[in-house]
Amino acid sequence: MLSPNQNHIVFFDTTLRDGEQSPGCTMHHEEKLRLAHQIAALGVDVLEAGFAIASDGDLAAIQAVAREVRGPRIASLARCKREDIEAAARAVEPAPSNRIHLVLASSDLHLEYKLRITRDQALDQTAESVRLARSFSEDVEFSTEDGTRSDPEFLLKMITVAVQAGATTINIPDTVGFTTPEEYAAIFRLIKARVPGIDDIILSAHCHNDLGMAVANSLAGIEGGARQVECTINGIGERAGNAALEEVAAALMVRRDKFLYTNNIVLSQLYPTSQMLAECIAFGCSPNKAVVGANAFAHESGIHQRGMMADPLAYQIMTPESVGAGHTKLVLGKHSGRRALADRLEKLGHPLDRNQVDEVYTLFTELADRKKSINDHDLLGLLQPGKSIPIATA
Ligand code: KIV
Ligand code: ZN
């Protein structure tokens, strides 16, 4: 069982569960296994490999991950139902360290309209299910689905019951991406102040991105007392997705002056993991995606390129190398200046004098007005005989 350490953030990856259950993200057995090995190499502490009761395929994939992947604790999701819990237990049983992750709604909206049970019935289910799960695993996480839209007094009651029944991690999901950073931090503070025995429990943040605040909310959760963050690679997940693991990890690294915590993420594996996920599902991330997007370390404008050439800190808060994303790119486009153009041509074996640079630059800006991106081949084309510029000799 993971024990609470106030200075350490536990990373819980749910790419293969919350991520996989969203449109375009279905993966088959071999893809899940390959990705699970990579997620383990990334250094996550807990890997949620699926939802065992969902299908025989899911159960088999979780079992394969539990048998073969070493490093993280392997988890399966289960609703608070006997058959779910037994399937989850069977699925994670082969792992040297495992977890059963229970979920039950805590908001009246979900209890009344989705589950059609009363609050008291929900409390009974909580206690019974946690006890049953504990009979299979020493490590049981309990999630209060729709926790951020729940009556705080009932939320506290449900968490108290779960803790008394033996839950070892308590997760407060922002299931519909509704909360704000300030509110989310306050929920964790309230739980820490009011739930007996909470100091022996790891509190967990699980945020969806419907209002674009999943990462900010996760970090606020940490400020409020959460010591586990649940995230997915590239932020995939239900609807607008989950908190992106690479963004949370990079924020903890870049702003370590503010977040004085350790974690086990191997930052240089962030980009390779993002790339591998994109190969396994139907889409990659957008070019301007933070940390792992194709443009995350690319600079086109002349002012920025000059700044970068003078000192990379001018326009970069982390290096691409630190997250395994290759090197800074100075991209040539219509906003680029003479200096970057001359620099690139020199790297291509064509050092030009000042007049030549002026001439090529004129041709370059004409081309850049017509063409969205300019590659090395285009640049060399500007030096061809027949154009006004003679080929420069190295
Ligand atoms: O968003 C959610 O509420 C969930 C739970 C199953 C943890 O994914
Ligand atoms: Zn979720």
Side-chain angles (χ1 to χ4, degrees), residues 10-23 25 44-55 58 62 73-81 84-85 87-88 91-92 99-111 113-115 122 125-126 129-130 133 139-150 154-155 158-159 162 167-179 183-184 187-188 191 201-215 217-218 221 226 228-245 247-248:
V10 172
F11 271 82
F12 175 115
D13 180 273
T14 183
T15 306
L16 295 178
R17 199 280 297 169
D18 216 334
E20 209 243 353
Q21 71 192 46
S22 57
C25 295
V44 309
D45 304 282
V46 186
L47 191 165
E48 186 165 56
F51 181 22
I53 197 77
S55 69
D58 244 45
I62 302 168
R73 184 173 284 274
I74 307 302
S76 168
L77 184 66
R79 291 166 299 182
C80 285
K81 295 180 172 197
D84 277 43
I85 297 167
V92 299
R99 170 176 296 186
I100 296 177
H101 177 193
L102 296 173
V103 60
L104 183 62
S106 54
S107 70
D108 289 329
L109 187 71
H110 279 232
L111 291 178
Y113 297 100
K114 188 182 79 174
L115 301 177
Q125 276 189 23
T126 301
S129 301
V130 172
D139 190 312
V140 171
E141 173 170 336
F142 181 78
S143 281
T144 58
E145 190 185 15
D146 207 18
T148 53
R149 293 192 301 169
S150 303
F154 181 67
L155 186 68
M158 194 178 219
I159 293 169
T168 50
T169 295
I170 295 288
N171 181 39
I172 317 298
D174 184 30
T175 304
V176 289
F178 173 75
T179 199
E183 279 173 8
Y184 201 48
I187 292 178
F188 287 99
I191 294 168
I201 303 295
I202 297 181
L203 289 177
S204 169
H206 176 115
C207 297
H208 281 268
N209 206 31
D210 300 65
L211 294 175
M213 293 195 282
V215 171
N217 285 337
S218 301
Q228 173 175 286
V229 274
E230 304 197 355
C231 8
T232 58
I233 307 302
N234 292 352
I236 66 168
E238 290 281 6
R239 306 177 310 279
N242 288 60
L245 185 148
E247 295 178 23
V248 176

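Read the numbers this way: they start at 1 and go in the same order the structure lists the ligands and their atoms. Here, residue 1 is the first one in the sequence, and each next residue gets the next number.
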Report task. Check whether any side-chain heavy atom of I202 lies under 4.5 Å from a side-chain heavy atom of F12, and answer yes or no. Result -> no
**Report entry** Minimum heavy-atom distance D45-F11, with the two atoms named
**Finding:** OD2-N, 2.7 Å
**Report entry** Distance-minimising heavy-atom pair for R149 and S107
**Finding:** O-CB, 3.7 Å
**Report entry** Taking every non-hydrogen atom, the tightest pair across A49 and I74
**Finding:** CB-CG2, 4.2 Å
Report summary line: Given the options D18, N217, T14, H206 meets side chain to side chain donor-acceptor pair (under 3.5 Å) only with D18
List below, pair by pair, the N or O atoms of ligand 1 and of the protein that are less than 3.5 Å apart, including the distance to 0.1 Å; reply 'none' if no pair qualifies.
from	atom 1	to	atom 2	distance (Å)
ligand 1	1 (O)	H206	NE2	3.2
ligand 1	1 (O)	H208	NE2	3.0
ligand 1	3 (O)	T175	OG1	2.7
ligand 1	8 (O)	R17	NH1	3.4
ligand 1	8 (O)	R17	NH2	3.0
ligand 1	8 (O)	D18	OD2	2.9
ligand 1	8 (O)	H206	NE2	3.1

Report task. Could you tell me the angle subtended at the Zn ion (ligand 2) by OD2 of D18 and NE2 of H208, rounded to 10°? Result -> 100°
Requested in this report: Report the C-alpha distance between L77 and H101 in whole Å, list the side-chain angles of each, state the deciding distance to 0.1 Å, and finish with yes or no for side chain to side chain contact (heavy atoms under 4.5 Å, CB included).
Outcome: CA-CA 5 Å; L77 184 66; H101 177 193; 3.5 Å; yes
